[in-house]
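Input: a single structure, listed below in structure tokens.
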2 protein chains.
Amino acid sequence: MVSDKSALADDAIAAVPEPAPRRRTRSGGAPTIYDIAQLAGVNPSTVSRALNQPGRINAKTEARVRAAAKELDYHANPMARALPTGRTNTLGLFLADITNPMVFDVVRGAERAATAAGLTLVIAESQESGDLEETAIERLLPSVDGVVLATTRLSDERILALTRRKPVVLMNREVDGVTSVVPDIGPGVDETVAHLHGLGHRSIVYLSGPTTSWMSGRRWDALSASVVAHGMSLIEIGPNAPTLAGGRDAFARVQLSGATAVVAYNDLMAIGLLREASLRGVVFPDNLSIVGFDDIFGSDFTSPPLTTVRSPLLEAGTRAVDLVLHAITTGDQVTPCLVTGDLTTELVVRGSTGAPQAT
Amino acid sequence: MVSDKSALADDAIAAVPEPAPRRRTRSGGAPTIYDIAQLAGVNPSTVSRALNQPGRINAKTEARVRAAAKELDYHANPMARALPTGRTNTLGLFLADITNPMVFDVVRGAERAATAAGLTLVIAESQESGDLEETAIERLLPSVDGVVLATTRLSDERILALTRRKPVVLMNREVDGVTSVVPDIGPGVDETVAHLHGLGHRSIVYLSGPTTSWMSGRRWDALSASVVAHGMSLIEIGPNAPTLAGGRDAFARVQLSGATAVVAYNDLMAIGLLREASLRGVVFPDNLSIVGFDDIFGSDFTSPPLTTVRSPLLEAGTRAVDLVLHAITTGDQVTPCLVTGDLTTELVVRGSTGAPQAT
DNA sequence: TTGTACGCGTTATCAC
DNA sequence: GTGATAACGCGTACAA
């Protein structure tokens, strides 16, 4: 059920030296504190102390223990350690799609905070599948001290249920009773609408993401509000896959709509649309203006470069992990909250937007 | 040391309903088979069997156990399970830089193979730091059944040492005694050199990556061999950081060298150089031709689009995990080998290469 | 079919 | 300062 030999067959396989012998101790497993204890002539519990509470033990004994540990290439088993302590020193970051460059900054921010706290960050992604996400979380949850759901596709109920098992922080989504970090899209969206209005556009098409994306809904809401304030109109085309292909496939409908300005749910879609439109002879920004969200890797080297709403994703990732850490250290007794304040968005104007030219 | 309260202060924090109560059983921890046993009126070991060996137990008892488990929202603790069995059903994928789009396909390939085998893939990245990689591996190794090192910065010795602890498969690198998966760069490089030669170039500059990158050295070797065969010359500029910035920063030296054609260690560097050069007035491909490696996300929408050597990264990721799986199931008694055969590379010609124009 | 008892590697709580 | 011993949650021979 696991793998077949064919993986090893028929290829250009060059045999190499000796198949290194694994393991070197009695039980056949990795060296344990018992092995060290025996080698150093002390009690296993002394070994544990020597390694975890430096100084609180006879210097000579400690040295002997450390020497033995080094010789055996000993490494504490985190799982055995987690059993009595209940702590794994590990944090889980769950992503829906690791091939969306938008996660770069989230990961980096989370990593920075985790590393600073001496914790290891493990990343799992679900390929946009709620089921895969479900099982990944189920498997990993007991092995981590806390969790950040960066772009979850789970239902509100499932998320709330997780909350009762481990500290959970949500990103880019709000669920009642769950701590979450979501940048304030208001400023960026207002800038966008004002920018388009100033260029002469009177109507905007919103290319929405998946219906399971909470953030896609919020961006629509923010656009709606802002558009009204500017006396403009707004129509939705969607839902679409939040990918290059999703944007590309929406081109026909966009053209049919006669839109002069499109705001896409994210940069991937915006770029997908922009490239397909260019291929079909659309001239940017004369015939069409496009705005995306996230300011991802690559959004500044399309032709023309993409105007987009930038979010402080690195900050957000850091903040999310900090909140998990806080929940862990305070014994999980933290009031669910929504962090939004200084995480604001801004419009980055590039070449994909301009005044509509009468045809 | 872990986090300060400031993370929670001063921001726009909206308090939300009840801080959900965590945990619901005696010991204060997550529900265990003991809780289920008590609720179902059976022995803990019966619970274990009912859950792991469906059918091999009284149907009525099993039903009762399952009902109790569902009611308590029971989830087996993978760490406690791993202790007696020695298996975690988890694979580790280690990356040097998750912000390099080159990892997209590697991750997807690895995920596909892991999921097919019923295992969960956890990803860890080291931000190009050998030390961070070291500690991440140290922490995670005991918690996984096997490991894929996709772009490791570890020394040969350290890698070989890991081999003695858990099944390890290397990607994009060869180390004596370690199983590895490395695409055959020969064809792609030969095509590249022939392509440039055909355009009229007589000299090539190689923008090398970090000295810790094994693959950077191999690409140099392959270029050397091919260049000689074509009666061309080759010079190296480097080492450089394998990033956009690395390519950008190399521009001055490239210009100084008077090169007409540059082959960069990877697409990130190629794109960085291309963009900087464009900014400085270089006209592509008349003044300069650039070729990258990997065919990453975004390499097809630079101006001009990037000519690059594509590797079967998805295939390679799948293959690497299959090999780990094989090592696990056969009890680790696998001869180290090198898979290279059907993993071949090819040149993707785009607009960044052309005939050099006399100035 | 089900219960008993032990081990997995570590930490923590006792004595000494 | 150090040694013995009991958990931690689960799997599993072995006995019943």
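Per chain, numbering begins at 1; letters A, B, ... match sequence-line order.
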Whole Å only: how far is the [atom1] atom of [X] from the [atom2] atom of [N]?
| X | N | atom1 | atom2 | result |
| --- | --- | --- | --- | --- |
| B/Leu51 | D/dG11 | CG | C1' | 12 Å |
| B/Asn77 | D/dC8 | CG | P | 13 Å |
| B/Asn43 | D/dG9 | CG | P | 16 Å |
| B/Gln53 | D/dT12 | CD | C1' | 9 Å |
| A/Arg56 | C/dA12 | CZ | C1' | 13 Å |
| B/Asp35 | D/dG9 | CG | C1' | 10 Å |
| A/Ile33 | C/dT10 | CD1 | P | 5 Å |
| B/Ile57 | D/dG11 | CD1 | C1' | 13 Å |

**Request:** Identify, between B/His75 and B/Arg49, the residue whose nearest nucleotide on DNA chain D lies closer to the 5' end.
**Result:** B/His75
**Asked** When you check the side-chain N and O atoms of A/Asn77 and A/His75, is any donor under 3.5 Å from an acceptor?
**Response**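 There is no such pair between these side chains.
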**Item:** Exercise: do B/Ser129 and B/Asp131 side chains pair donor with acceptor under 3.5 Å
**Value:**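 Result is no, nothing qualifies.
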**Request:** Can you check whether any acceptor in the base of D/dG11 is under 3.5 Å from a donor in the side chain of B/Arg87, or vice versa?
**Result:**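 Side chain to base: no pair below 3.5 Å.
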For [X] and [N], is the shortest distance between a side-chain N/O and OP1 or OP2 below 4.0 Å?
| X | N | answer |
| --- | --- | --- |
| B/Thr46 | C/dT1 | no |
| B/Tyr34 | D/dA7 | no |
| A/Arg81 | C/dG9 | no |
| B/Asn52 | D/dG11 | yes |
| B/Ser48 | D/dC10 | no |

**Prompt:** B/Thr85 near the nucleic acid: base, sugar-phosphate alone, or nothing, with a heavy-atom cut-off under 4.0 Å?
**Reply:**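 The residue B/Thr85 makes sugar-phosphate contact but no base contact.
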**Asked** Which part of the nucleic acid does B/Ala82 contact within heavy-atom distance under 4.0 Å: base, sugar-phosphate only, or nothing?
**Response**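 Nothing: the residue B/Ala82, judged by heavy atoms under 4.0 Å, touches no strand.
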**Request:** Please step through side chain to side chain contact (heavy atoms under 4.5 Å, CB included) for the pair A/Leu149 and A/Leu162, ending with a clear verdict.
**Result:** CA-CA 11 Å; A/Leu149 303 179; A/Leu162 290 179; 4.2 Å; yes
**Item:** A/Asp97/A/Val103 under side chain to side chain contact (heavy atoms under 4.5 Å, CB included): CA gap, chis, key distance, verdict
**Value:** CA-CA 8 Å; A/Asp97 178 14; A/Val103 306; over 6 Å; no
**Message:** Given C/dA5, C/dT11, D/dC10, identify the nucleotide with an atom nearest to the side chain of B/Ser45.
**Reply:**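 Selected nucleotide (nearest to the side chain): C/dA5.
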**Request:** Give a yes or no on whether B/Arg108 atom CZ has more than 12 heavy-atom contacts from other residues, nucleotides or ligands under 6.0 Å away.
**Result:** yes
